[in-house]
Amino acid sequence: MQTAMRKGTGASYVKLPFRKEMREMGNENDNLKTAPAKEPERTFFFMETARQYVADLAEKKGSPLTCCVVTFGCQMNARDSEKIRGILTEIGFVDTKSEEADFVLYNTCTVRENANNKVYGRLGVLHGYKKKNPLMRIALCGCMMQEAHVVEKLKESYSFVDLIFGTHNLYRFAELFTKMLLSDRMLIEVLEGREEIVEDLPTKRTYSFKSGVNIMFGCNNFCSYCIVPYVRGREVSREPKEILREIEKLAQDGVKEVMLLGQNVNSYGKNLESPVTFASLLRETAKIDGLERIRFMTSHPKDLSEELMDVFAETKIVCPHLHLPLQSGSSRILAKMNRHYDKEHYLTLVQKLRERTPDISLTTDIIVGFPGETEEDFLETLDVVEQVRYDSAFTFLYSKRNGTPAASMPDQIEEEVAKERFQRLLEAVQRIAAERAERLTGQTLPVLVEEQNKQDASLVTGRLANNAVVHFPGDASLIGQIVPVTLTECKGFYYVGSRHA
Ligand code: SAH
Ligand code: SF4
Ligand code: F3S
């Protein structure tokens, strides 16, 4: 196996075979220069070119090339990964879950330090695989790549990575991938901001019966602890007609459940040329034939309108579940977090929601140990948890993100103190969630079956409209169907059920 030293870094990497031939192929037809300037035509052009290269490599390998796309982080990233997988499978890759594949891409998250560290750890393992497979290429994209210090570190110490791109140029993946095949060096393209929204690129859905749908990109809120606005850019909404067209196509293709995605869906449409509200988009979505469930994520309490609260009661297929991140129950901390609401406003919203839809499920995100959080502040958070009685909650230890205002605030909380509060919060959240879940035991409710149970193949796993998980006896033929299930036993955060005849 040939190895070469990369100048300046001192790192060694395996020189890939075929690159020279591929470059010659590229030069020979001088093809790439004739690429159309406009998207999505440009992407389709590069997909065609890449397809030929991939076929050539597969012939040399003697079997199809395999790809593995690993997603870290939120639903936005999950959706982006489906788009990448869509392109990869169309250009001839066989999708696999094994990271010992010919092309491995990590779609990264940087919302908390531990999300970030996971990637570095796993890259070491990938390097080992790459040494054994001279065909292998490694790519990184997503939120971490938007941070200059991350790209610097990768250039310095992870020179075996072949391609790096960010969140704003995901639509250029086919082109970047093709150019990576022809390049001897790490190819890096990270843009500062979004240039355009490109519609109609291929996707490969993880589930045949449900799908995420981006309705907006970016975030304008600058909560003081949060890195997302820096790595995802300013908020832009897609045109409603494009969204509805996408969902209509999904419904025709057998999708029963859509999840409308945005960092703050409640401000959807405000900046469009002809402004529309999120509630009106939901009403239009609810009219689409074949759809049975509509979910959405995430709602910022500061923008939750009465109009939206009414939609739950008005439209049957909008699921009675709202994820309404609290972050903290202390008005003093909420102000420091730049959340633009206080404890009282939040509690009023909950009261109004429950007046309209008494059985609505409420879930939330809470951060413990924000700079300056006192025991009193923390007790305010516990108080909201006790009053609202969430169906479930994601709890996070505050993680300092360099570049955000909170990172330079005084009184960063000691880890011990934050951890102790975290445990108390977790205990309250779990106790209340289990008590809440109990109320549905004995009822027969529709379950959308998602998969065969991972531990016990005689069971399938699905979700209620309120998003709670149910396991019940059944086989794979039920996957994608909505069936009535009697919830025989509540196990805290999930149910065991039996199929209702
Ligand atoms: N746009 C969504 C949240 C996206 S990030 C919203 O505003 O609700 C998902 C969750 O990660 C946030 O709700 C928050 O609870 C948590 N989070 C974000 N930054 C964090 C940080 N620096 N430390 C700990 N948790 C954080
Ligand atoms: Fe982050 Fe706040 Fe934007 Fe959510 S709304 S992504 S927490 S800045
Ligand atoms: Fe993470 Fe980016 Fe989502 S930072 S939470 S993947 S928007």
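Read the numbers this way: they start at 1 and go in the same order the structure lists the ligands and their atoms. Values reported hereafter were calculated over all heavy atoms of this structure, with side chains retained and with hydrogens, waters and symmetry mates removed.
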Got the closest protein heavy atom to [atom], with its distance?
atom: atom 8 (O) of ligand 1; answer: P325 CG, 2.9 Å
atom: atom 2 (Fe) of ligand 2; answer: C223 SG, 2.3 Å
atom: atom 5 (S) of ligand 2; answer: N221 ND2, 3.4 Å
atom: atom 24 (C) of ligand 1; answer: L397 O, 3.4 Å
atom: atom 3 (Fe) of ligand 2; answer: C219 SG, 2.3 Å
atom: atom 5 (S) of ligand 1; answer: V111 CG2, 4.0 Å
atom: atom 2 (Fe) of ligand 3; answer: C143 SG, 2.2 Å
atom: atom 3 (Fe) of ligand 3; answer: C74 SG, 2.3 Å
atom: atom 7 (O) of ligand 1; answer: R339 NH1, 3.5 Å
atom: atom 1 (Fe) of ligand 3; answer: C109 SG, 2.4 Å
atom: atom 7 (S) of ligand 2; answer: Y225 OH, 3.4 Å

A cation-pi test, strictly: NZ or CZ of R356 under 6.0 Å from the centre of the six-membered ring of F312 and no more than 45 degrees from its axis. Yes or no? no
Does the Lys NZ or Arg CZ of K210 fall within the cation-pi geometry relative to Y207 - under 6.0 Å from the ring centre and within 45° of the axis? yes
I'd like to check which ligand 2 atoms, numbered from 1 as shown, lie under 4.0 Å from a non-hydrogen atom of [X].
X: R339; answer: 2 (Fe), 7 (S)
X: V228; answer: 6 (S)
X: H300; answer: 5 (S)
X: C226; answer: 1 (Fe), 6 (S), 7 (S), 8 (S)
X: P229; answer: 8 (S)

Is it true that [X] and [Y] have a side-chain N and a carboxylate O under 4.0 angstrom from each other?
X: E375; Y: R421; value: yes
X: E199; Y: K241; value: no
X: D200; Y: R245; value: yes
X: K343; Y: D383; value: yes
X: E246; Y: R238; value: yes
X: D391; Y: R439; value: yes

With ring-ring contact (aromatic ring centres under 6.0 Å, His included) as the test, would you mind laying out the steps for Y120 and Y158 before giving the verdict? CA-CA 9 Å; Y120 292 120; Y158 297 82; 5.6 Å; yes
Let me see the working for K270 and D303 under salt bridge (Lys or Arg N to Asp or Glu O under 4.0 Å), right down to the final yes or no. CA-CA 11 Å; K270 286 187 179 156; D303 298 310; 3.5 Å; yes
Heavy atoms, side chains only, cut-off 4.5 Å: are C143 and R232 in contact? yes
For [atom], tell me which residue out of [options] has the closest non-hydrogen atom.
atom: atom 17 (N) of ligand 1; options: R232, R112, M297; answer: R112
atom: atom 15 (O) of ligand 1; options: H323, M76, Q327, H300; answer: Q327
atom: atom 6 (S) of ligand 3; options: V231, N116, T71, N77; answer: N77
atom: atom 9 (C) of ligand 1; options: N264, D365, N114; answer: D365

What are the atoms of ligand 1, with element, lying closer than 4.0 Å to any heavy atom of [X]?
X: R401; value: 22 (N)
X: I367; value: 14 (C), 15 (O), 17 (N), 25 (N), 26 (C)
X: Y398; value: 23 (N), 24 (C)

For T298 and ligand 1, answer yes if some heavy atom of the residue is under 4.0 Å from a ligand atom, otherwise no. yes
Mark the output for T404 as yes if a heavy-atom distance to ligand 1 is under 4.0 Å, and as no if none is. no
Structural part of F222 in contact with ligand 2, heavy atom criterion under 4.0 angstrom: backbone
Polar-atom distance check: Q263 versus ligand 1, any N or O pair below 3.5 Å? yes
Short N or O distance, S399 and ligand 1, threshold 3.5 Å exclusive: yes
Hydrogens and angles aside, do [X] and [Y] bring a side-chain donor and acceptor to less than 3.5 Å of each other?
X: H471; Y: T461; value: yes
X: S224; Y: N338; value: no
X: E147; Y: T110; value: yes
X: H323; Y: N467; value: no

Between F103 and F177 (judged by ring centroids, cut-off 6.0 Å), do the two rings come close enough to count as a pair? yes
Distance flag, aromatic centroids of H300 and Y341, threshold under 6.0 Å: yes
Applying a heavy-atom cut-off of 4.0 Å, say which part of N221 lies close to ligand 1: side chain, backbone, both or neither. neither
Contact region, Y225 to ligand 1, non-hydrogen atoms below 4.0 Å, reads both
Does T277 form a side chain to side chain donor-acceptor pair (under 3.5 Å) with E307? I'd like the steps, not just the answer. CA-CA 9 Å; T277 62; E307 189 195 6; 3.3 Å; yes
Decide whether the shortest distance between a heavy atom of Q263 and an atom of ligand 3 is less than 4.0 Å. yes
Within the structure, is a non-hydrogen atom of M76 found at a distance of less than 4.0 Å from ligand 3? no
